[in-house]
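Below is one structure, written out as C-alpha cells, with a few remarks after it.
All values derive from a computational prediction rather than experimental measurement.
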Amino acid sequence: MDDDEPFIYRLNDNGSGPSLLVKVCAERGWRIYQGHGGEEKWNLWWRSSAFPPTCYKTLDDWQFMNHIPKGGSICRKDSLSRLLRCMRRIYGPIYDFSPPCFHLPLEYAKLVSECSRLRRSEDGNDVVWIHKPVAQSQGRGIFLFRSICEMRCGSPAVVQRYIERPLLIAGYKFDLRLYVCVPGYRPLTAYMYAEGLARFGTDKYTLSDIHNPYRHLTNSSLNKTGPRFAECKDRIGSGCKWTLKQVRRALIGRWGAMEWLVWQRIRAIVTLTLLAQAAGTPPARNCFEFYGFDILLDDSLKPWLIEVNLSPALAADCEADITVKQPMLHELFDLLGLPMRHTGLSYLQGPSVPYITSYSSEDENGTPSVASRSASGKRGGRLHRRRRAMPVHCVTIQPPMSDKYTDAPDKIKDKQIDTLHSYKSSSDIASDVSDTQSGPRIASPPEAADETWRGGYSTAASRRRMMNACMWGNGVRWDRGSNRVGQWVRIHPHTLSNYEQLPLEDVRESVAHVSKFVRAAREVVRECGRDVRSRDSTRDAVFEAALRKKLSYGPNFEVWLPPF
Ligand code: ADP
C-alpha cells in the first residue's frame, strides 16, 4: 500500500488543456496522465466536451470526471431555449429571464410574423434581432438585423430579441461571466463562485451602428482582436475585463440597495436554469459540471440569461483572469474534496459506507446492493473492473463538510428510508408539459434499462440511487455539504434538510422555494433599503440577516454576493 503517489489528472483525449488548469493542477502536486488508450490510472479526467456514455459505467470510487451524463442540455442555444420555454409554460413569469427566441429553420414563419407585428419600437426604429448559429461559440457567425430581409439563412440558428438597452459603464456594453459547479442533479446541488468577470465591448455602444461587433458583442475572444482593445478607455481602462468586485463598486453608487437585489435575482436565474434540466439527468456520482453562465443587465438592472457554457474559458489573458480563475479552480477542487497532494491510486479499506455502487450497476428491483469491499484492491487498468476499496485520501482527507451529522451511516440510512413517504417523486417536466396540473408523473421510458432513474423516489431502488449519487467515493456527502467552501457558495438547496429526510428532489417544490426567495429579497430591499444608508459589507450583513429571518432559514443558508 502506497499513499504517496501523486494524484493523476487527465486532460481531454490528447493530454492538452487550458493553461490555467494545468498550472493549478501542478500547484496541487498532481501529475499529468501519461497512459495510453485503455489504461485507466487516472483520478480526474477533465474534458472540454461531453464524455461518451460508456466512460461513466467504468468509473471507480477514486475517479472523477468533469461532466455529468446529459448535463449539457442547457449549453446548446436551441435546447436551452426549449427547456426554458417549457418551464415558462409550467411555472409562469418567474421564467421570464431569457429574451424571446425563435428556432430556425423550424420557426421561420413565426419569426416573420413576429417581426412584422413588432415593426417599430418606441424610438420609431424597427426592433433589433440577433441571429446566432446554434453550434457555434465565441461570437462566431453572430449578426444583428432589423428587417427580416437582412437575415442570411444558413445552418440551424436561433434568432433572439436583442436587448437594446443594456446597462452601460462609461458608454460600454458588458456582460457577466459567473462560474457554477453542479456536483449532482439528482437531487440538484449547486454552488456559485462569488467572484467572476465582466466582459466589455471595446467600442462605445450605439444602436445607430448595429453591424460593428465590438459595440454589441462582449465575447473577449472577439474583443481582444478589436482595434481599441489595448487603448486606455474611459473608466474601463485597457483590455476588456473587470472582476465582479469592480462591477459592484461601479453599480453601488448609482443603484444603492437595488444593486444587492440584482445579485439575488441572478442567483435565482441560475438555479431556475439548472432546474430546467434537472429532471432529465440521471443520478451519477463522482461527476460534476463546471459551467460558465453569461448574464446581461439591462438599463433597468434586470438580469437576462444569455447563454450557459459547458467548458468556460480557462485561459489567463489578463490580470482579471488570473485574479478570478486561479483561486476559483483551487477552491473548486477543495469543494469537490480532491486532495492537495496524495493519490487516488493506492488503496485502503475505507469505512463501511452504504450505497457505494455506481448508478449504472445498481439493482433495479429494490434489492439492497451495498457493495462489499475488500482490503486489497489491485492497481492498474482492467477493462471490466469490480468496485474497489477507497483510496487513501478518501479516508484521510475529508472535505470541508459540516460535522454535525455524526450518526453512523447505516443509522442515517434507516432514518432516511423510514421517512421517505413524506417526499414526492420528481416530475419529468421537460417531456410532458400538459401533465403539470395533475402533479408529478413517471415518464414512460423509451429504453427501460437506461431510464429507470426518471422515477424520482418512487421505489426503494431509486431512493438508494438518489442517496448513492449524493455520496461520492472520496467521502464527500452532498446532502451534508457546506454552505461555502472558499468563495463557492451553495445556491441550491437553500438549506440542508435534517438527517431524517432525503434531500429535496422535486422540481416543482424547488421552483416554489426560488420564487419565495426572490419575493423575500425584494421585500428586504423595500423594508431595509431606506434605513440602511451604508454601502458596504455592513449593509450586506443587515440584508442577509433580514432575508434569513423572512425565510425562517438558519445559519445553513448563505446569501451569494460578489466581494465588495
Ligand atoms: P456565443 O456562444 O457565440 O458567445 P452568445 O449567445 O454568448 O454566443 O452571444 C455572444 C454575445 O452577444 C454575448 O456575449 C452578448 O454580448 C451578445 N448577445 C447575445 N444575445 C444577446 C441578446 N439577446 N441581446 C443583447 N446582446 C446579446
request  = Assess whether side-chain contact (heavy atoms from CB on, under 4.5 Å) is satisfied between Arg82 and Arg76, documenting all intermediate values.
outcome  = CA-CA 10 Å; Arg82 269 190 207 103; Arg76 251 182 78 107; over 6 Å; no
key: Among Leu296, Val247, Leu251, the one residue meeting side-chain contact (heavy atoms from CB on, under 4.5 Å) with Leu167   = Leu251
Give a yes-or-no answer on whether the side chains of [X] and [Y] include a donor-acceptor pair shorter than 3.5 Å.
X      : Y      : answer
Trp304 : Asp298 : yes
Asp294 : Asn309 : yes
Tyr185 : Glu289 : no
His103 : Ser81  : yes
Lys132 : Gln160 : yes
Thr271 : Arg267 : no

request  = Answer yes when Glu307 and Arg177 have at least one side-chain N-carboxylate O distance shorter than 4.0 Å, and no when they do not.
outcome  = no
inquiry  = Looking at Glu195 and Lys245, is any side-chain nitrogen of the basic one under 4.0 Å from a carboxylate oxygen of the acidic one?
reply    = no
request  = Measure up the His494 and Phe517 rings against each other and bin them: parallel (under 30°), tilted (30 to 60°), perpendicular (over 60°).
outcome  = tilted
Quick check: do [X] and [Y] have side-chain heavy atoms less than 4.5 Å from each other?
X      : Y      : result
Tyr95  : Val511 : yes
Thr189 : Val182 : no
Asp78  : Cys101 : no
Leu176 : Leu197 : no
Ile90  : Val507 : no
Trp263 : Trp560 : yes
His492 : Leu274 : no
Phe333 : Val24  : yes

Side-chain ([X]) to main-chain ([Y]) donor-acceptor, under 3.5 angstrom:
X      : Y      : value
Arg548 : Gly554 : yes
Ser79  : Cys75  : no
Arg248 : Pro562 : yes
Arg47  : Ala50  : yes
His67  : Cys287 : no
Arg490 : Asn556 : yes
Gln264 : Ala521 : no
Asn286 : Asp61  : yes
Asp506 : Glu509 : yes
Arg249 : Phe564 : yes

Please find the pair of heavy atoms, one from [X] and one from [Y], that lie closest to each other, and give the distance.
X      : Y      : answer
Ala268 : Val514 : CB-CG1, 3.6 Å
Leu332 : Trp488 : N-NE1, 3.2 Å
Arg85  : Phe102 : NH2-CA, 4.2 Å
Leu310 : Gly71  : CD1-O, 4.5 Å
Arg265 : Leu301 : NH1-O, 4.3 Å
Asn483 : Tyr191 : O-CE2, 4.1 Å

Trp129 and Tyr162 aromatic centres sub-6.0 Å = no
Output field: ring centroids Trp45/Phe51 closer than 6.0 Å = yes
request  = Tell me, yes or no, whether the heavy-atom count around Lys516 atom NZ, taken from other residues, nucleotides or ligands under 6.0 Å, exceeds 12.
outcome  = no
key: side-chain contact (heavy atoms from CB on, under 4.5 Å) evaluation trace for Asp540 with Trp260   = CA-CA 8 Å; Asp540 293 347; Trp260 181 86; 3.8 Å; yes
task = Could you give me the CA-CA distance, side-chain angles and deciding distance for Leu336 and Val476, then say whether side-chain contact (heavy atoms from CB on, under 4.5 Å) is met?
result = CA-CA 7 Å; Leu336 299 171; Val476 173; over 6 Å; no
inquiry  = Before you tell me yes or no, could you show the steps for Glu114 and Lys110 under salt bridge (charged side-chain N to carboxylate O under 4.0 Å, His left out), namely the whole-Å CA-CA distance, both residues' side-chain angles and the distance that decides it to 0.1 Å?
reply    = CA-CA 6 Å; Glu114 191 65 1; Lys110 264 196 198 167; over 6 Å; no
key: Verdict with reasoning, Leu44 to Leu338, per side-chain contact (heavy atoms from CB on, under 4.5 Å)   = CA-CA 9 Å; Leu44 168 67; Leu338 304 185; 4.3 Å; yes
Inter-residue atom distance [X].[atom1] - [Y].[atom2], 0.5 Å rounding:
X      : Y      : atom1 : atom2 : result
Asp175 : Asn219 : CG    : CG    : 7.5 Å
Glu331 : Arg484 : CD    : CZ    : 9.0 Å
Leu547 : Arg522 : CG    : CZ    : 12.5 Å
Asn66  : Ser48  : CG    : OG    : 8.0 Å
Leu305 : Leu80  : CG    : CG    : 5.5 Å
Ser98  : Leu83  : OG    : CG    : 11.0 Å

query = Looking at Trp46, Tyr56, Trp472, Phe288, which one forms a ring pair (Phe, Tyr, Trp, His ring centres under 6.0 Å) with Phe64?
reply = Trp472
Lys/Arg cation over aromatic Tyr91: Arg88, 6.0 Å, 45° cone = no
